[in-house]
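Accompanying notes for the structure given below.
Every heavy atom of this structure was used, including side-chain atoms; hydrogens, water molecules and symmetry mates were not.
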Amino acid sequence: MQFQTITFTRKKDAIAATGGLTQTTKMPCKSWSIPVAACQTGWYMAQIKGSICSKCYADRGNYAKYHATIEPAQHARLAALDEPDLWIAGMTTLIGVDPYFRWLDSGDIQSLLHLEMIAEVCRRTPRTRHWLPTREYGIVKAFIAKHGRDAVPPNLAIRLSAMYIDKPVVVPLSLRGIRGITTSNVHSKNTSPHGERCPAPKQGGKCGPCRMCWDSRIEATTYEQH
């Protein structure tokens, strides 16, 4: 899909076009989030007892504590998606040459168009490594079906997220062996990890120097249930 090239010269215009970025305490970079209520697969999974989404971190902790300020900002970001060219330009401006960026610390991909928009931002920020976790396997499949097996930008790691604890992601056949498509799993405390173990529990809950999630060469990461 072709998008217009628009340039913002003022940061405040880029913020207005995107709803602005977020900064979580755990991660070493900025992010962008929308309401968990806007999740599609995630919202369905949240109704299933025992699923990872039923205990969604983005519906607890500081997200809940600062609900009155966080949620309006998330809805503003969601609304900003209605203007794809402006949103792409704004995100490109705000990310700039930051070395790392994490998509969707809350919420998930909304549509094929949304994923196309994210991919375009990645192409326009080649000096940044991007990490996109998602449970929208169908949207990722549609993206590859439409644009080809080389469609994922080389600086983007799309991690298909597990649905249940201790049940690793089974990558759909149509997505296997595609550069940039990886997985992330969750394991309970007394079970073996299903991939490269996240070191955050031993680092005060923070990424610290680890950048595994952004590295598409690592096919599977795993996080301890918390």
Side-chain angles (χ1 to χ4, degrees), residues 24-29 31-34 36 38-61 63 100-109 115 118 122 129-144 149 152-153 155-226:
T24 63
T25 56
K26 175 185 175 180
M27 293 182 300
C29 65
S31 184
W32 185 85
S33 66
I34 55 178
V36 292
C39 290
Q40 298 169 59
T41 298
W43 187 253
Y44 169 79
M45 293 301 300
Q47 316 310 311
I48 301 175
K49 185 177 180 180
S51 72
I52 295 170
C53 292
S54 68
K55 298 181 179 180
C56 179
Y57 70 86
D59 216 15
R60 297 180 287 136
Y63 290 92
Y100 297 95
F101 189 78
R102 187 258 172 88
W103 291 96
L104 298 163
D105 59 271
S106 172
D108 207 335
I109 306 169
L115 181 52
I118 289 173
C122 294
R129 297 187 71 89
H130 296 261
W131 163 32
L132 170 62
T134 182
R135 289 187 173 86
E136 298 298 339
Y137 301 5
I139 293 176
V140 178
K141 289 170 67 175
F143 178 78
I144 295 301
R149 294 178 65 86
V152 180
N155 58 333
L156 171 61
I158 298 176
R159 293 203 175 272
L160 304 179
S161 300
M163 304 293 183
Y164 295 94
I165 297 165
D166 294 325
K167 291 186 177 180
V169 174
V170 177
V171 179
L173 285 173
S174 61
L175 298 179
R176 293 180 188 177
I178 295 179
R179 182 201 68 200
I181 296 180
T182 57
T183 67
S184 64
N185 304 294
V186 177
H187 65 277
S188 53
K189 191 170 185 179
N190 297 317
T191 60
S192 299
H194 311 289
E196 296 293 328
R197 187 193 297 266
C198 171
K202 296 182 179 181
Q203 299 175 167
K206 300 180 184 298
C207 294
C210 179
R211 300 293 182 271
M212 284 195 306
C213 294
W214 290 268
D215 191 343
S216 60
R217 295 171 299 179
I218 297 177
E219 294 183 2
T221 59
T222 184
Y223 312 93
E224 186 175 298
Q225 180 186 8
H226 61 278

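Looking only at atom types and distance, the side chain of T191 has a donor-acceptor partner in the side chain of D166 under 3.5 Å away. There is no side-chain donor-acceptor pair under 3.5 Å between R197 and T222.
By the 4.5 Å heavy-atom criterion applied to side chains, F143 and E136 are not counted as neighbours. Side-chain contact between I139 and D108 is absent, with no heavy atoms from C-beta onward closer than 4.5 Å. Using a 4.5 Å cut-off on side-chain heavy atoms (C-beta onward), S216 and V152 make no contact. Put simply, the side chain of R129 does not reach to within 4.5 Å of the side chain of C29, judged on heavy atoms. Using a 4.5 Å heavy-atom cutoff, the side chains of P199 and M212 are in contact.
Distance check: N185 CG to I52 CD1 gives 7.5 Å after rounding to the nearest 0.5 Å. Taken from CE in M27 to CG in D105, the straight-line distance is 5.0 Å, to the nearest 0.5 Å. Going from atom CZ of F101 over to atom CG of L132 covers 10.5 Å, rounded to the nearest 0.5 Å. Note that the CD1 atom of I165 and the OG atom of S54 stand 7.0 Å from one another [nearest 0.5 Å]. Atom CD1 of I144 and atom CD1 of I158 lie 6.5 Å apart (nearest 0.5 Å). Atom OG of S51 and atom OH of Y44 lie 10.0 Å apart (nearest 0.5 Å).
K26 approaches C198 most closely through the heavy-atom pair NZ-SG, 4.4 Å. Taking every heavy atom of both residues into account, R102 and P133 meet most closely at NH2-CG, 3.4 Å. Of all heavy-atom pairs between H130 and C122, the closest is CG-SG, 3.4 Å. Shown here for R179 and P153, the closest heavy-atom pair between the two residues is NH2-C, 4.0 Å. Closest non-hydrogen pair, L104 versus S31, comes out as N-OG, 3.9 Å. I218 and T182 make their closest contact through O-CG2, 3.5 Å (heavy atoms, listed as atom of the first residue, atom of the second, distance).
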*Does the pair Y100 and C213 meet the rule for a side chain to side chain contact (heavy atoms under 4.5 Å, CB included), with working shown?*
CA-CA 10 Å; Y100 297 95; C213 294; over 6 Å; no
_From CA spacing to verdict: side chain to side chain contact (heavy atoms under 4.5 Å, CB included), T134, V140_ = CA-CA 9 Å; T134 182; V140 178; 4.0 Å; yes
*Evaluate the side chain to side chain contact (heavy atoms under 4.5 Å, CB included) criterion for residues S161 and R135: first the C-alpha distance (whole Å), next the side-chain angles of each, then the deciding distance (0.1 Å), finally the verdict.*
CA-CA 5 Å; S161 300; R135 289 187 173 86; 3.8 Å; yes
*Mind running side-chain hydrogen bond (donor to acceptor under 3.5 Å, both in side chains) on Q225 and S188 for me, showing each step along the way?*
CA-CA 5 Å; Q225 180 186 8; S188 53; 5.0 Å; no
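Aromatic ring orientation, W214 versus W131: perpendicular (interplanar angle above 60°, classes split at 30° and 60°).
Atom CD of E219 has 12 or fewer heavy atoms from other residues, nucleotides or ligands within 6.0 Å.
Of the possible polar contacts, none joining the K141 side chain to the L175 backbone as a donor-acceptor pair under 3.5 Å is found.
Sequence neighbours left out, not one pair with a member in residues 155-212 passes ring pair (Phe, Tyr, Trp, His ring centres under 6.0 Å).
For the salt bridge (charged side-chain N to carboxylate O under 4.0 Å, His left out) test, residues two or more places apart in sequence or in another chain that qualify with R217 are D215.
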